[in-house]
Student: 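This is the structure, below, for whatever I ask next.
Here is the naming used below: chain letters follow the sequence lines, and residue numbers restart at 1 for every chain. Because only heavy atoms are used, hydrogens play no part in the values below, and waters and symmetry mates are left out as well, while side chains stay in.
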Protein chains: 2
Amino acid sequence: MINKKITLKELAGILKVSVSTVSKALNDSYEISEATKKKVKTAAIKYNYSPNLLAQGLKTKKTKILGVVIPDMRAPFSIRVLRGIEKEASAQGYNILTCFSDESLSKEKAILDMLSQGNVDGILMSLSKESQVEQYFDHVNTLISNGIPVTLFDRVDERIQCDKVIINDFDSTYDATKLLLKSGARNILFISPISTTTIGKNRYRGYAFALEERGNLKEKVLHIEEYRDFSDDLTRILKADKIDAIIAANELTGISAINIATRLGFKIPEQISIIGFTNGILSMNSNPPLTTISQHGKDIGKVATQKLINRLENKNLDFTTTVIETTLIKRGTTRN
Amino acid sequence: MINKKITLKELAGILKVSVSTVSKALNDSYEISEATKKKVKTAAIKYNYSPNLLAQGLKTKKTKILGVVIPDMRAPFSIRVLRGIEKEASAQGYNILTCFSDESLSKEKAILDMLSQGNVDGILMSLSKESQVEQYFDHVNTLISNGIPVTLFDRVDERIQCDKVIINDFDSTYDATKLLLKSGARNILFISPISTTTIGKNRYRGYAFALEERGNLKEKVLHIEEYRDFSDDLTRILKADKIDAIIAANELTGISAINIATRLGFKIPEQISIIGFTNGILSMNSNPPLTTISQHGKDIGKVATQKLINRLENKNLDFTTTVIETTLIKRGTTRN
DNA sequence: TTGTACGCGTTATCAA
DNA sequence: TTGATAACGCGTACAA
């Protein structure tokens, strides 16, 4: 019995003016006198009017909704990016429609299909593993050529022409490896659950390049499956190879490495140093706290959103790629 | 240059039939012959037709979008619920529009305002702290009386008449406390960053009741601020009071308690047992792994979504409240 | 300064 | 079995 929804037409009826007068008054059109504007606006508040977004969208072709496609919501990094996106979007008056592709190409296709049916003004997305493995991007390119702006973040591909926001994955592990070398490590193990993604490859390259540059050091790489227990593999390697440092290609792997090594009796960081990725809640609360490469997930989300909205509101911009620099956050799992 | 969007009208033009015929054919109306149905459908695929969701929504008053309002996306529990929601929703052909109230009443109002403008068929939400402190729920009740179905989960209030999904917070801490007592603990500290919420109060009550039942034991409660470092307070208490067990009212607090106690040289669980909340990624990866009360966040999300969709598709149901039972997951921070 | 009339892309009603 | 036509709620060119 409280304030029921009211339409423009009904409001016009009450005020005994035409629909268009009400519409224009509400939109502050110069054609309407201040007097009626005021009258209409107060009535709008009194009768609790608010425009129907669907009708408005249908008319203006703008919904003020941004589609977000994320491959894996279990990843703390994804959540940080999502927070950045949501915050920036809502600050700019946009809402977000969040979808998860579960790293699957077919789900990704279905999502883009749905999102291209008029609901969203633009799309923020990170490619699924499967898309990257299959190197299939037609669905994304179709979307773009259909006129829906897309901003890719984190997992991107050069075969897709659009705005992009990435981190310098190569540099991140290159720097991390150098730090470990400087602190005396000589047997650095690289553990990666994301070897199939472009990002995973770049992180590996940064590691490998630093070793090669130093000369005389052997690469040790452990490819694992995401969200799978790898304690047996790691235990074997730790015992056999006199590993004195570990770089993990994502946060969870870094945390698990700490736990496994600790359980085996290794002192961290005295005997084994560990560096992980993502300055997330896990790293801050591990024991000891994990030294990580911060990807500034929130910034990525923020910048990606800004770029997308910028494109929505200003046509004919050139596509650009923004690189967010990573930062090494030193905590308890590395020496000095 | 690829498959451009096409409308019903254009498709009708191509096929030289009327718009309504195309619409009906696509919707498998009994009025249309199989022959033309087939013809229309293949043409629809060929010309890449898909309905404009806005127009469809405007017409049918259904958008197949569920609004989700969550107070705090940093909470691992929220994320688990969100996953449950997303999964169930997408399984049932719904999409979700995710919003975060940041525990703020004014943001919560703004969000509901926006969501009530036609975009969503129904809303899933958990109340913000501020709403619970202020005991202000008019915005939610207005929404409901405006005809938008709402399902509340986790943080609910009896002054809001709608479907609800909750856990038995009282039982959860009651059981946890009993377990600790049984294992020999006599000085159990309860740490809570959520004392202002109904849930926080119930969790406290479960703890207090178990102590009272046992008789002769003193309550020890530490109220803290969420996401704030409480090591000083805890250190003081741990040193002064010979605490032998801790119950933390949420996951992050439990993890922090482990770290602080460990840093002070206490052996866990030998000297201090710890039980936390939420069977999340943090608890599984702490050192030692945290014994937790699993709230089955994904189930909560799933059930809440099912209830909402059920209401959307079947009118005039009575409101019900579903209680999801918690489970104690014993891991490394408790004895035997 | 205000009002009329049309269209956005659909579905639904009614006639043919 | 098919087709005109109105309507959903809004914005806007154009007329008044």
Student: Quick check: on DNA chain C, is the nucleotide nearest Tyr30(A) upstream (toward 5') of the one nearest Thr60(B), or the reverse? Name the residue that is more 5'.
Tutor: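 Its nucleotide being nearer the 5' end, the pick is Tyr30(A).
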Student: Please tell me which of Thr21(B) and Leu54(A) maps to the more 5' nucleotide of DNA chain D, matching each residue to the nucleotide holding its nearest heavy atom.
Tutor: Thr21(B)
Student: Side chain of Thr7(B) only, please: which of dT5(D), dT10(C), dT1(C) is the nearest?
Tutor: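 So the nucleotide nearest the side chain must be dT10(C).
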Student: For Glu31(A) and dA15(D), give me the distance from atom CD to atom C1', rounded to whole Å.
Tutor: 12 Å
Student: May I ask you to evaluate whether Lys9(B) reaches the phosphate of dC8(C), defined as a side-chain N or O under 4.0 Å from OP1 or OP2?
Tutor: yes
Student: Choosing from dT10(C), dC14(D), dG9(C), which nucleotide comes nearest the side chain of Leu58(B)?
Tutor: dG9(C)
Student: What's the closest nucleotide to the side chain of Asn52(B) if the choices are dC10(D), dT10(C), dT12(D)?
Tutor: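 Nearest to the side chain of Asn52(B) among the choices is dT10(C).
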Student: Could you check which of dT10(C), dT2(D), dT4(C) has an atom nearest any side-chain atom of Ser20(A)?
Tutor: dT4(C)
Student: Out of dT11(C), dC8(C), dG3(D), which nucleotide sits closest to the side chain of Gln56(B)?
Tutor: dT11(C)
Student: Hey, which sits more toward the 5' end of DNA chain D by its nearest nucleotide, Lys59(A) or Ser33(B)?
Tutor: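 Final value for this comparison: Ser33(B).
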Student: Check for a donor-acceptor pair, side chain of Thr98(B) on one end and backbone N or O of Val68(B) on the other, with a separation under 3.5 Å.
Tutor: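 Not confirmed, Thr98(B) side chain does not pair with Val68(B) backbone.
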Student: Taking 4.0 angstrom as the limit, do Glu88(A) and Lys298(A) come out as a salt bridge?
Tutor: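 Result for this pair is no, no salt bridge flagged.
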Student: Using the six-membered ring of Tyr136(A), assess whether NZ or CZ of Lys109(A) lies under 6.0 Å from its centre and within 45 degrees of the ring axis.
Tutor: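 So Lys109(A) does make the cation-pi contact.
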Student: Below 4.0 angstrom from OP1 or OP2 of dT1(D), is there any side-chain N or O of Lys24(B)?
Tutor: no
Student: Need one value for Ser23(A): base, sugar-phosphate or nothing, where a base atom within 4.0 Å counts as base even if backbone is also close, heavy atoms only.
Tutor: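 Base: the residue Ser23(A), judged by heavy atoms under 4.0 Å, touches a nucleobase.
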Student: It should be established whether Lys61(A) places a side-chain nitrogen or oxygen under 4.0 Å from OP1 or OP2 of nucleotide dG9(C).
Tutor: yes
Student: Taking Lys164(A) for the side chain and Thr320(A) for the main chain, is one N or O donor matched with an acceptor at less than 3.5 Å?
Tutor: no
Student: Want to settle it: does Lys37(A) or Leu8(B) sit nearer the 5' end of DNA chain C, counting the closest nucleotide to each?
Tutor: Lys37(A)
